[in-house]
Amino acid sequence: MEHEIDELLSNRFAASLAYVSVTVLALLVFLYFFEFVTRYKCWQEIKRGNMAVAMATGGKIFGICNLFRFSIEASEGVYHSLVWATYGFGLLIAAYFLFEFLTPVFRIDEEIEKDNRAVGFIAMVISISLSYVIGATVV
């Protein structure tokens, strides 16, 4: 079945639609997973105007989409790109936990929830930066 779908995707418009659709669906799943592991509720905090959460979440969105960009460029098909992007997401979430662990002076999630914009900005930059490094490893 994989080869039949890839054959259908030989049309550039169909391929574009497929890649964007898969990316958006995966982005929703990955963001849900991030929502599950953080102590705060991203979208409730953003609705309240919490800029630190907005920056951290924006960094996650950019990072996830950037992983897909690299995986699409390097892939042999939709499934291959999804596998690599999921692997990259696993590395990104591991880096998130490492960031939390390596900052013993304060709790990252608590500071972001308190709208500490400096911590939100650093979290955003880490997500974006690591997505480039992880994306460069996609083969």
Side-chain angles (χ1 to χ4, degrees):
M1 171 121 176
E2 177 180 335
H3 297 293
E4 289 83 10
I5 290 176
D6 286 336
E7 207 172 289
L8 288 171
L9 296 178
S10 62
N11 178 306
R12 289 181 184 240
F13 293 107
S16 176
L17 181 61
Y19 281 111
V20 170
S21 298
V22 167
T23 299
V24 169
L25 290 173
L27 177 63
L28 293 173
V29 170
F30 295 163
L31 284 175
Y32 174 78
F33 190 75
F34 264 123
E35 180 95 15
F36 181 73
V37 299
T38 56
R39 292 191 169 96
Y40 53 86
K41 299 296 180 200
C42 296
W43 302 109
Q44 288 176 0
E45 290 296 320
I46 290 169
K47 186 176 179 182
R48 277 189 333 110
N50 187 325
M51 281 300 295
V53 172
M55 287 187 285
T57 303
K60 292 169 190 168
I61 292 169
F62 186 97
I64 292 165
C65 289
N66 195 39
L67 291 172
F68 269 96
R69 181 189 77 80
F70 278 103
S71 69
I72 290 167
E73 285 180 346
S75 76
E76 298 166 3
V78 174
Y79 297 112
H80 191 250
S81 73
L82 183 58
V83 167
W84 273 107
T86 302
Y87 172 74
F89 173 73
L91 292 176
L92 201 59
I93 198 87
Y96 175 81
F97 287 124
L98 190 60
F99 177 45
E100 180 80 46
F101 176 73
L102 291 176
T103 319
V105 179
F106 55 85
R107 306 286 303 167
I108 302 299
D109 280 352
E110 289 174 8
E111 292 301 313
I112 290 174
E113 186 175 19
K114 289 190 241 177
D115 201 13
N116 183 333
R117 294 174 187 183
V119 176
F121 180 76
I122 291 297
M124 176 183 73
V125 170
I126 287 173
S127 293
I128 291 170
S129 301
L130 286 177
S131 75
Y132 278 97
V133 174
I134 294 166
T137 68
V138 173
V139 291

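Bear in mind that the values here come from a model prediction, so they are computed numbers and not experimental data.
Within the 4.5 Å cutoff, the side chain of Val37 has heavy atoms near those of the Ile93 side chain. Two residues are said to be in side-chain contact when any heavy atoms from C-beta on lie closer than 4.5 Å; Ile72 and Thr23 meet this criterion. Side-chain atoms of Phe68 and Leu82, non-hydrogen and from C-beta on, do get closer than 4.5 Å to each other. Here the side chains of Cys65 and Leu27 are in contact, with some heavy-atom distance below 4.5 Å. Taking 4.5 Å as the limit, every side-chain heavy atom of Leu92 sits out of range of all side-chain heavy atoms of Tyr96.
With respect to the salt-bridge test (charged N to carboxylate O, under 4.0 angstrom), the residues Glu73 and Arg69 qualify.
Residue pairs meeting the side chain to side chain donor-acceptor pair (under 3.5 Å) criterion with at least one partner in residues 43-56, sequence neighbours excluded, are Glu45-Arg48, Glu45-Asn50.
Under the rule for a side-chain hydrogen bond (donor to acceptor under 3.5 Å, both in side chains), Arg12 has no partner lying at least two apart in sequence or in another chain. Taking the side-chain hydrogen bond (donor to acceptor under 3.5 Å, both in side chains) definition, one finds that Lys41 meets it with nothing, sequence neighbours left out.
Listed for the Asp115 side chain is a donor-acceptor partner under 3.5 Å among the backbone atoms of Met51. A donor-acceptor contact shorter than 3.5 Å is absent between the side chain of Asp109 and the backbone of Thr38.
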For Glu111 and Arg107, what are the C-alpha separation, side-chain angles and deciding distance, and is it a salt bridge (charged side-chain N to carboxylate O under 4.0 Å, His left out)?
-> CA-CA 6 Å; Glu111 292 301 313; Arg107 306 286 303 167; over 6 Å; no
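Hydrophobic cluster membership differs between Phe62 and Leu28, with clusters built from Ile, Leu, Val, Met, Phe, Trp and Tyr side chains linked at under 4.5 angstrom. When hydrophobic clusters are built by joining Ile, Leu, Val, Met, Phe, Trp and Tyr residues whose side-chain heavy atoms come closer than 4.5 Å, directly or via intermediates, Phe97 is grouped together with Val53. In terms of hydrophobic clustering, with Ile, Leu, Val, Met, Phe, Trp and Tyr side chains grouped at heavy-atom distances under 4.5 Å, Val133 and Ile61 are assigned to different clusters. Note: the hydrophobic cluster containing Ile134 also contains Phe33 (ILVMFWY, side chain heavy atoms under 4.5 Å, direct or indirect links).
Here the two rings, on Phe89 and Phe34, have centers that are under 6.0 Å apart.
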